[in-house]
Amino acid sequence: MKQLSLPPHGAADVFFTCVNAVPDPLARANYIANHHHMVEAISAYSAASQEKTWCSLPRAAWGQADAIVVGSLSKSNLTDLYSSYMVPTSMAARATYDEIMVAANGKCPFCGGVGIVTTLDHYLPKSGFPLYSVLPANLVPCCKDCNTGKSSSFGVQPGQQPLHPYLDDPKFFNERWIYATVQNGNPIGLQYICAPPQTWQPVERERLLSHFIDYNLAYRYSVLAGAELAKVIDSRKGSLRNLSPEGFQAHLAEGAASQWFDVNGWNRTMYHALAHTPWFYNASFELPAPVPL
Ligand SMILES: [Zn+2]
């Protein structure tokens, strides 16, 4: 999980850039007439961000594209701002879309870079929260798997909210809450678990577990770790074969301390687990004896 800086783009500026691209003058005037509702919605989002209670923001009814959400703006009026007047490459607001997307340097913040960024995700889905369709703080760079894997419904309880890469407590991104155990099978594998510090609030711990489950991190991490672990074992048999078990453990601990890996990333967590598993760093990993002819 990777924390990102809040996009610098002004919410009202982005709204008006999208609105100015609406070709029909009456439709455009309707957006402008409802501007004060948008300002109120933006400040409600800011207040919810302080309290980490995005789930309590007002929801639009399921479906019902023509239903009025606020003032004289329907759900489809609001979601069109994104899909018709921000996403298409011919639109002026597309520059904002692209700038928000590249700010992640390609690494999806939800899965800690398991996937590469290919799209923007609405932290609060636009189907349920159409007022935030083009709010920069609600648009997060995201990989395909994280975008399609999660449900389009957003939990109603605070503990069901996934991490917000812009607006959550930095401790979620800087302190360890994902661990792994090394499975002594054939092949050796990693099992990842979500284990936040007991000192964190119950609702925070619930949120981390929701995030871990919603983005399928145990499975996705273990797949990547399996391939990397095979390389680690090959190195132990080859270039690292003269290291003592303590030397091999120190080598693994270096990986666990690498500043290049996120603290809760699959790789740093893997090295942390390997460096804390005596049977692993003590193993000789001898090649099997040749079968006598
Ligand atoms: Zn992802």
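Contact annotation: the side chain of Cys143 never approaches that of Val114 to less than 4.5 Å [non-hydrogen atoms, C-beta and beyond]. In this structure the side chain of Val14 never reaches within 4.5 angstrom of the side chain of Tyr97, judged on heavy atoms. The closest side-chain heavy-atom distance from Trp266 to Leu190 is not below 4.5 Å. Between Arg268 and His272 there is no side-chain heavy-atom pair separated by less than 4.5 Å. Annotation: side chain of Pro130 is in contact with side chain of Lys75 (closest heavy-atom distance under 4.5 Å). Contact of the Lys144 side chain with the Thr119 side chain is not registered, since no non-hydrogen atoms from C-beta on lie closer than 4.5 Å. In this structure, Pro162 and Tyr123 have side chains that are in contact, with non-hydrogen atoms separated by less than 4.5 Å. The shortest distance between side-chain heavy atoms of Val69 and Leu131 falls below 4.5 Å.
Atoms CD and CG, on Gln161 and Leu208 in that order, are 11.5 Å from each other to the nearest 0.5 Å. Here the OG1 atom belonging to Thr17 is positioned 8.5 Å from the CE atom belonging to Met86, to the nearest 0.5 angstrom. Taken from CG in Leu217 to SG in Cys146, the straight-line distance is 7.0 Å, to the nearest 0.5 Å.
The number of heavy atoms from other shown groups lying within 6.0 Å of CD1 (Ile68) is above 12. Within a 6.0 Å sphere centred on CH2 of Trp279, heavy atoms belonging to other residues, nucleotides or ligands number more than 12. Annotation: Lys171, atom NZ; neighbour count of heavy atoms from other residues, nucleotides and ligands within 6.0 Å is above 12.
Judged by the 6.0 Å and 45° rule, Arg220 forms no cation-pi pair with Tyr215.
Taking the six-membered ring where the residue is Trp, the centroids of Phe248 and Tyr281 are separated by 6.0 Å or more. Ring-centre distance between Tyr132 and Tyr82: not below the 6.0 Å cut-off. In this structure, the ring of Phe172 has its center less than 6.0 angstrom from the ring center of Trp200.
A donor-acceptor pair under 3.5 Å is absent between the side-chain atoms of Thr53 and the main chain of Ser56, judged by distance alone. Checking side-chain atoms of Ser83 against main-chain N and O of Thr79 turns up a donor-acceptor pair under 3.5 Å. Checked by atom type and distance alone, the side chain of Gln64 never pairs as donor or acceptor with a backbone atom of Ala61 at under 3.5 Å. Proximity of a side-chain donor or acceptor of Glu206 to a complementary backbone N or O of Gln160 within less than 3.5 Å is not detected. Between the side chain of Asn34 and the main chain of Asn30, a donor-acceptor pair closer than 3.5 Å is present. With hydrogens and angles disregarded, no donor-acceptor distance shorter than 3.5 Å links the side chain of Tyr45 to the backbone of Glu40.
Side chain to side chain, Asp80 and Tyr85 fail the donor-acceptor criterion of an N or O pair below 3.5 Å. Asn264 and Thr269 are not linked by any side-chain donor-acceptor pair at a separation below 3.5 angstrom, with hydrogens and angles left out of the test. Side-chain atoms of Glu228 and Tyr271 include a donor-acceptor pair closer than 3.5 Å.
Lys52 has no carboxylate O lying under 4.0 Å from a charged side-chain N of Glu204, or vice versa, which leaves the two without a salt bridge. Under a 4.0 Å N-O distance rule, the pair Asp24/Arg28 does not qualify as a salt bridge. Using a 4.0 Å cut-off between charged nitrogen and carboxylate oxygen, Lys107 and Asp262 count as a salt-bridge pair.
If you run side chain to side chain contact (heavy atoms under 4.5 Å, CB included) between Leu163 and each of Phe212, Phe173, Phe110, only Phe173 comes through.
Between Trp177 and His211, the ring planes lie perpendicular to each other; the angle is over 60°, past the 30° to 60° tilted range.
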Give the intermediate values and the outcome of side-chain contact (heavy atoms from CB on, under 4.5 Å) for residues Val156 and Arg59.
CA-CA 10 Å; Val156 295; Arg59 285 165 199 254; 3.8 Å; yes
